[in-house]
Number of protein chains: 2
Amino acid sequence: MFESAEIGHSIDKETYEKEVAVLREALLEAQYELKQQARFPVIILINGIEGAGKGETVKLLNEWMDPRLIRVESFLLPTDEELSRPPQWRFWRRLPPKGTTGIFFGNWYSQMLYARVTGEIKDSQLDGLIGDAERFERMYSDEGALIFKFWFHLSKKQLKERLKALENDPSRSWQLSEVDWKQSEVYDKFVRYGERVLRRTSRDYAPWYVVEGSDERYRSLTVGRTILESLQAALKRKDRPTPQPHAAPLVSSLDNKGLLDALDLSLSLDKDQYKEQLAKEQARLATLMRDKRFRSHSLIAVFEGNDAAGKGGAIRRVTDALDPRQYRIVPIAAPTEEERAQPYLWRFWRHIPARRQFTIFDRSWYGRVLVERVEGFASDADWLRAYAEINDFEEQLANYNIVLVKFWLSIDQETQLERFKERESIPFKRFKITEEDWRNRDKWDLYVDAVGDMVDRTSTEIAPWTLIEANDKRYARVKVLRTINYALEAAYGSSKKSKKD
Amino acid sequence: MFESAEIGHSIDKETYEKEVAVLREALLEAQYELKQQARFPVIILINGIEGAGKGETVKLLNEWMDPRLIRVESFLLPTDEELSRPPQWRFWRRLPPKGTTGIFFGNWYSQMLYARVTGEIKDSQLDGLIGDAERFERMYSDEGALIFKFWFHLSKKQLKERLKALENDPSRSWQLSEVDWKQSEVYDKFVRYGERVLRRTSRDYAPWYVVEGSDERYRSLTVGRTILESLQAALKRKDRPTPQPHAAPLVSSLDNKGLLDALDLSLSLDKDQYKEQLAKEQARLATLMRDKRFRSHSLIAVFEGNDAAGKGGAIRRVTDALDPRQYRIVPIAAPTEEERAQPYLWRFWRHIPARRQFTIFDRSWYGRVLVERVEGFASDADWLRAYAEINDFEEQLANYNIVLVKFWLSIDQETQLERFKERESIPFKRFKITEEDWRNRDKWDLYVDAVGDMVDRTSTEIAPWTLIEANDKRYARVKVLRTINYALEAAYGSSKKSKKD
């Protein structure tokens with residue numbers, strides 16, 4: 001895999017200087033065009049052998065291009081805000097907005113290789129991380145991102161010469177990482193694991209470019225030209241290169257019977273039962289949240305449901321039990337400008353709770369496969385790929401000991417009509433009902449299909465959906481609380497869940 | 001000051017329940033109206049004696065109002081991301097967006113009182129912090145924010161009873177802070193310093209409300225009614241209650257001679273001088289940035305100047321000297337949606353560098369007294385108050401050992417015309433010139449006035465302006481680099497600056 005990067009490529013000075021003059025102009029022009037179109041971000045991952053010119057290349061790109069449109073992100077030791085969230089969070093928070101370029105000097109690849117070379121993780125864990133990287137890049141590319149992955153290579157002999165040179169030059173010593181590259185054992189391991197990583201993650205949508213690092217001119221020109229050509233091509237394509245879905249979009253179930261039809265919406269609690277059970281479940285939640293074992297967890301509750309199904313009331317019954325410093329409610333409305341400049345899941349990642357915190361999403365990332373699907377805001381390709389992306393996302397949360405509960409509050413059409421009318425007649429509730437709510441009612445069947453597909457495709461062992469029979473608000477509220485309590489107990493108890501509902 | 005809060009206020013249950021029903025409805029309605037108008041944020045500061053009902057009140061407000069439109073922010077131990085920036089940063093980053101409510105449970109007042117009561121700081125430092133709070137709140141109010149400051153009070157006797165009750169109730173023990181309130185000495189100090197703080201910071205635009213905490217019903221109703229009435233009044237006022245400036249807006253200097261006229265724009269360097277001096281200053285900067293003493297500093301460089309004065313080129317000569325991980329360039333364009341929902345300075349605070357980092361602002365917070373003044377985007381009152389607000393802001397940076405250099409790159413009208421024409425004729429530069437640039441030229445004199453006033457009012461000992469003669473790009477670039485180097489050396493040397501330029 002690295003053979004062609006050990007043959008001693010080089011370029012003479014004259015050719016270099018002539019080429020660079022043209023290249024710089026073209027790169028700048030492409031950069032401004034990227035900014036103007038603002039359709040997609042560019043991300044450049046810098047990896048490879050120590051001393052092979054990673055740092056110099058990053059510096060050079062900053063000199064050649066307009067540095068105001070580039071952000072170099074280096075990932076040194078994670079901050080404590082980063083350590084208290086899933087490891088992917090620190091990368092998500094620094095993704096470049098559309099129209100700009102992010103250079104990730106240090107990234108998920110350097111982290112996994114460092115961990116493997118130092119023996120911190122085993123092959124099987126490395127493979128897991130490789131899979132994560134693949135899925136992330138697939139998603140990022142589907143969202144339109146242009147991804148470059150450069151691997152700077154040196155033969156063992158070249159490395160030894162470079163290291164000597166670097167050591168004697170204190171102004172460049174920052175280019176040396178913690179791993180002790182002087183040992184040839186490190187080189188061997190790094191190349192071996194590097195190859196494994198590159199082999200698996202070099203894909204059409206995010207290929208690796210292996211660059212021989214020994215000759216500065218060759219190296220620089222190769223990187224510059226690679227970026228320029230792909231960027232120009234991407235700017236010319238007016239559409240995102242999103243592949244059309246192979247399969248037809250999902251179809252309604254043939255017998256017209258859905259998951260939601262199976263719910264017994266007559267379930268209810270009388271006032272006394274409600275009072276007693278609510279108090280009991282609230283006390284239980286308060287205790288569970290103060291349990292020492294919560295220190296190694298955090299909690300996310302997702303509320304989806306029909307309009308007027310009682311999400312707000314159910315949320316309030318949950319928060320009533322808690323210290324207001326323990327939770328945060330994130331109402332999901334239309335994305336802001338900054339959010340629209342990022343991949344779909346970015347605006348949810350930014351609200352992921354730190355350890356020992358509880359975040360309630362009032363509507364959520366499922367918007368893509370619900371309202372965006374039904375209203376046609378997302379293309380078929382986009383919402384169809386969302387199921388798998390969401391499953392990946394939730395797996396990353398679960399791996400970090402985040403307890404995730406997801407509710408669909410379900411009511412029937414008659415109940416909804418009653419509640420709409422009630423809302424219109426009470427002054428302080430009139431803000432809760434809009435024209436749009438009425439329009440959504442006409443799409444009832446489309447939503448039934450969307451919910452059915454959503455549950456079928458995203459109710460997983462690590463993050464199951466709980467359907468809530470919500471015609472009776474009292475029954476719904478108690479079931480919500482009880483479900484959260486079970487989930488916390490299961491998480492405390494063991495990895496084996498004991499669902500009793 | 002606390003006399004009326006020790007007389008044993010109380011309200012009977014029946015009155016309370018009747019009033020609360022009405023109050024809750026009205027609060028909800030006001031909240032939705034606030035959201036719809038989205039003109040201003042509401043901030044509620046919670047302070048006072050331990051056990052006087054602070055936590056309970058926060059909880060109650062969450063129950064009464066729509067918790068989706070409230071964010072409770074508690075300020076416990078600062079994270080390391082917070083510790084590596086000026087102390088105000090952690091508050092700025094959590095200010096509620098317009099249309100929403102932030103409850104600051106713990107805030108600048110609790111921090112200063114804690115520090116004073118424990119003896120960490122002296123009276124003079126307390127006074128300094130009081131001044132900071134006053135200036136911040138004045139600014140925040142001028143930006144439209146509705147500010148509530150609640151002080152929950154108990155007499156010493158009442159406190160003792162409450163503490164006993166809290167101790168015996170483990171589910172409420174989270175309400176107890178670290179300070180040992182059981183000692184009556186702590187109470188005395190807290191009340192004494194509390195009074196000093198309240199006296200100074202209770203202002204028309206951000207008054208303190210002292211609430212007797214012993215009777216839960218009295219306390220709750222008082223807080224609820226206070227919020228409701230002020231909020232309703234604020235919602236009715238369609239304009240911000242910004243006072244008109246007392247003085248007339250600034251006028252052109254009577255003899256038509258300004259600061260910029262005094263610059264010798266013929267200053268220049270020939271190619272050889274430039275090459276030599278640039279290399280020297282770049283090497284000096286590289287060394288200074290790697291100096292151990294930089295570890296306790298950070299660096300901000302602000303670039304302002306006429307259109308086409310060469311800001312971009314000067315910035316590039318600075319960054320060429322550095323490791324790309326050492327700096328970040330923040331180009332300031334129109335504020336994003338999220339930024340528009342915050343006070344003016346918010347979008348600059350969010351980019352303040354952490355310790356050992358260097359941020360370059362390509363245009364800056366001075367936009368308010370330059371383009372916004374000249375174009376009429378800001379009212380006279382708004383840009384006139386900006387001078388003092390900016391001075392406060394920069395003082396906070398300086399107090400945290402941030403080295404701040406500010407450049408105005410100055411060219412004359414003929415030079416600008418030449419450069420505009422050149423830009424139009426070169427393909428990859430055409431993105432740098434717009435219709436707006438041509439329009440700005442017609443306002444040359446207005447900008448001259450604005451720059452003069454800006455320098456007069458914001459060139460301070462801690463953050464002086466450096467005017468750069470920029471008709472000759474070479475001269476300008478070297479002077480920029482040299483100025484940054486002087487500033488770093490001065491910061492390393494001592495607090496006494498040795499400006500030699």
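Each chain gets a letter, A, B and so on, in the order the sequences are listed, and its residues count up from 1. Worth saying up front: this structure is predicted, and the values here are computed from it rather than measured.
The residue among A:Thr79, A:Ile360, A:Thr319, A:Ile315 with the most heavy atom pairs within less than 4.5 Å of chain B is A:Thr79.
Looking at every heavy atom in both residues, B:Arg325 comes nearest to A:Val72 through CG-CG1, 4.4 Å.
A distance of 7.5 Å separates CG of B:Asp66 from CD1 of A:Ile329, quoted to the nearest 0.5 Å. A distance of 12.0 Å separates CZ in B:Arg328 from CD1 in A:Ile70, rounded to the nearest 0.5 Å. Interatomic distance, A:Glu339 CD to B:Glu338 CD, rounded to the nearest 0.5 Å: 5.5 Å.
For B:Asp80 (side chain) and A:Asp80 (main-chain N/O), a donor-acceptor pair under 3.5 Å exists by modelled atom type. With A:Glu337 contributing its side chain and B:Thr336 its backbone, the two residues share no donor-acceptor pair below 3.5 Å. Of the possible polar contacts, none joining the A:Arg316 side chain to the B:Asn62 backbone as a donor-acceptor pair under 3.5 Å is found. For the pair B:Lys59 (side chain) and A:Leu322 (backbone), a donor-acceptor distance under 3.5 Å is present.
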TODO: Show the numbers, then the answer: is there a side chain to side chain contact (heavy atoms under 4.5 Å, CB included) between A:Lys311 and B:Arg68?
DONE: CA-CA 11 Å; A:Lys311 290 190 294 292; B:Arg68 293 173 297 182; 5.8 Å; no
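The contact between B:Met65 and chain A is made entirely by backbone atoms, counting heavy-atom distances below 4.5 Å. Within the 4.5 angstrom heavy-atom criterion, atoms from both the backbone and the side chain of B:Pro67 approach chain A. When heavy atoms are compared at a cutoff of 4.5 Å, B:Asp362 approaches chain A solely by way of its side chain, counted from C-beta outward. Of the two parts of B:Ala321, only the backbone, made up of N, CA, C and O, holds a non-hydrogen atom closer than 4.5 Å to a non-hydrogen atom of chain A. There is no contact between B:Arg317 and chain A, counting heavy-atom distances below 4.5 Å.
A salt bridge is absent between B:Arg90 and A:Glu81: the closest approach of a Lys/Arg side-chain nitrogen to an acidic carboxylate oxygen does not fall below 4.0 angstrom.
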